[in-house]
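One structure is given here, and the rest of the page talks about it.
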Number of protein chains: 2
Amino acid sequence: MKYPTLYQAFRKYINLSPEAYLDLENRLVHKTLDKKEFLIKEGQVIRYLPFIHKGLMVNYRLDDEGEKHVIQIRWAGLWLGDLYSFFSGAPTKFNIRTYQPTELLMINHETFDFITEKHPIYEKYFRLSIQNAYIATLNQIFNLHSSSAEARYLELIKNVPELLNDIPHYLIASYLSIKPQSLSRIRKNYK
Amino acid sequence: MKYPTLYQAFRKYINLSPEAYLDLENRLVHKTLDKKEFLIKEGQVIRYLPFIHKGLMVNYRLDDEGEKHVIQIRWAGLWLGDLYSFFSGAPTKFNIRTYQPTELLMINHETFDFITEKHPIYEKYFRLSIQNAYIATLNQIFNLHSSSAEARYLELIKNVPELLNDIPHYLIASYLSIKPQSLSRIRKNYK
DNA sequence: ATATTTCATTCACCTATGTTAATGAAATAC
DNA sequence: GTATTTCATTAACATAGGTGAATGAAATAT
């Protein structure tokens, strides 16, 4: 078993036999990304479901003025990417890239079809996975509605303290939906 | 065929035979809600997937101070409710209620299991349905990040002009993540 | 029909966050 | 190793949206 992190990710939601896991592991595409590299750019059709083995990735969209808006920050142990584009074949509106060297384990369509057919339990896993991604975004909307930028910042660094060292602060600001100057102002109160 | 609206909703994403549709139709629970009635309250476990046949419904969460935050407004032709709670059995954090007389067509677990087993195409439909709900919430986050309250208001009434007559304005304000007074201020500019 | 409650609106004032500009430190490119 | 670019921070000022209070209209209850 080369990737116990991945096995644990499955075991969190389903009871997966080591054999069924190995059927997948043998077909994974291992991809290494440098610091500051793109995985996905707007307009592309997503051909892989990527799992973050090491490192972290940032998902942002561009508005009409070309400004970045960070929608998701995902780290080791999580899936990411545009499930919608992967399953529907529609071009994505997202840009997904690294700011730290990152290793991904990726599943392509052929592998997805193979393992879900051979082991239907994987189907359940991915439905649960979408469901959880969905509920997480509903929570994110609720937080944007109900908490101040300061409260969202404190919550974020409580959950993921290492984030401040792993990506530029202006991306954290964007994720919190404020400007870098405002993030600095908030941070000044906690020194 | 008693509910062509529902059939059309399926046909939007999948190729469903009338026979397969009728297998479901016979098992639907038809529910009529008065003006101002609750379908779901926080803490309950969701036992139905509701489709809005006529009318519209509002989904909100309460924050620590007990203030409502409207997360979704859904109208005829759409599914709603907490798919997560329905599938996982976890108690919901949402409150879902009417502000207009509304008719629902509901699927319980038994019916869901029956029709997805007999017609696996339904399984695909509900996966697509979750996917679309997920992508819609990601868009909602992007809009909260990138558009002013005024722009979000104009966009909303462009898409759903009748909303202003169908639910109290303070709920529209909440959905836009502003206060009723601010919504009034914005509306004053467009008279 | 009358009383009560709910709701939309307005206003004056307040506050959180945005904007513009400047500075130095750190990272990167040459 | 030096030049250049990127980034975080600060400050002064601007603005969108919040707050609290008042008013009248509409909806609801009695």
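In the text below, chain A, chain B and the rest are named by the order of the sequence lines, each starting its count at 1. Scope of the values below: all heavy atoms of this structure, side chains included, with no hydrogens, waters or symmetry mates.
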Under 3.5 Å donor-acceptor, E25(B) side chain and K2(B) backbone:
yes
Counting distance only, does the side-chain N/O of E37(B) pair as donor-acceptor with the main-chain N or O of D34(B) below 3.5 Å?
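Yes, E37(B) side chain to D34(B) backbone: donor-acceptor pair under 3.5 Å.
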Contact state string [nucleotides 8-22 of chain C, B base, S sugar-phosphate only, - no protein heavy atom under 4.0 Å]:
SBBS-----BBBB--
What string of B, S and - do you get for nucleotides 25-30 of chain D, 5' to 3', if B is base contact, S is sugar-phosphate-only contact and - is no contact with any protein heavy atom under 4.0 Å?
---S--
Would you give the length of the straight line joining atom CD1 of I172(A) to atom CD1 of I178(A), rounded to the nearest 0.5 angstrom?
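So the gap between those two atoms works out to 10.0 Å.
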Nearest-Å distance for atom pair [atom1]/[atom2], residues [X] and [N]:
| X | N | atom1 | atom2 | answer |
| --- | --- | --- | --- | --- |
| L176(B) | dG18(D) | CG | C1' | 15 Å |
| I172(A) | dT9(D) | CD1 | P | 10 Å |
| Y190(A) | dT9(D) | OH | C1' | 18 Å |

Using only heavy-atom distances, determine whether the side chains of [X] and [Y] contain a donor-acceptor pair under 3.5 Å.
| X | Y | result |
| --- | --- | --- |
| E117(A) | Y122(A) | no |
| H30(A) | Y3(A) | yes |
| R11(B) | Y21(B) | no |
| N132(A) | S129(A) | no |
| T92(A) | S85(A) | no |

Taking only heavy atoms on the protein side, list every residue of residues 153-161 of chain A lying under 4.0 Å from any atom of DNA chain C, sorted numerically.
none
Side chain to side chain donor-acceptor pair (under 3.5 Å) partners for H109(B), two or more places apart
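H109(B) satisfies side chain to side chain donor-acceptor pair (under 3.5 Å) with no other residue.
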Show, in sequence, the C-alpha distance, side-chain angles and deciding distance for F112(A) and F87(A), and conclude whether the ring pair (Phe, Tyr, Trp, His ring centres under 6.0 Å) test is met.
CA-CA 10 Å; F112(A) 182 83; F87(A) 285 115; 5.2 Å; yes
Aromatic plane relationship, F126(A) with W79(A) - under 30° parallel, 30 to 60° tilted, over 60° perpendicular
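Perpendicular: the ring planes of W79(A) and F126(A) meet at over 60°.
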What residues form a side chain to side chain contact (heavy atoms under 4.5 Å, CB included) with K118(A), not counting sequence neighbours?
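Here the qualifying residues are D23(A), F114(A).
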Do NZ/NE/NH1/NH2 and the carboxylate oxygens of E67(B) and K179(B) come within less than 4.0 Å?
yes
If each end axis of the helix from dA1(C)-dT30(D) to dC30(C)-dG1(D) is fitted on five C1' pair positions, the angle between them, to 10 degrees, is 60°
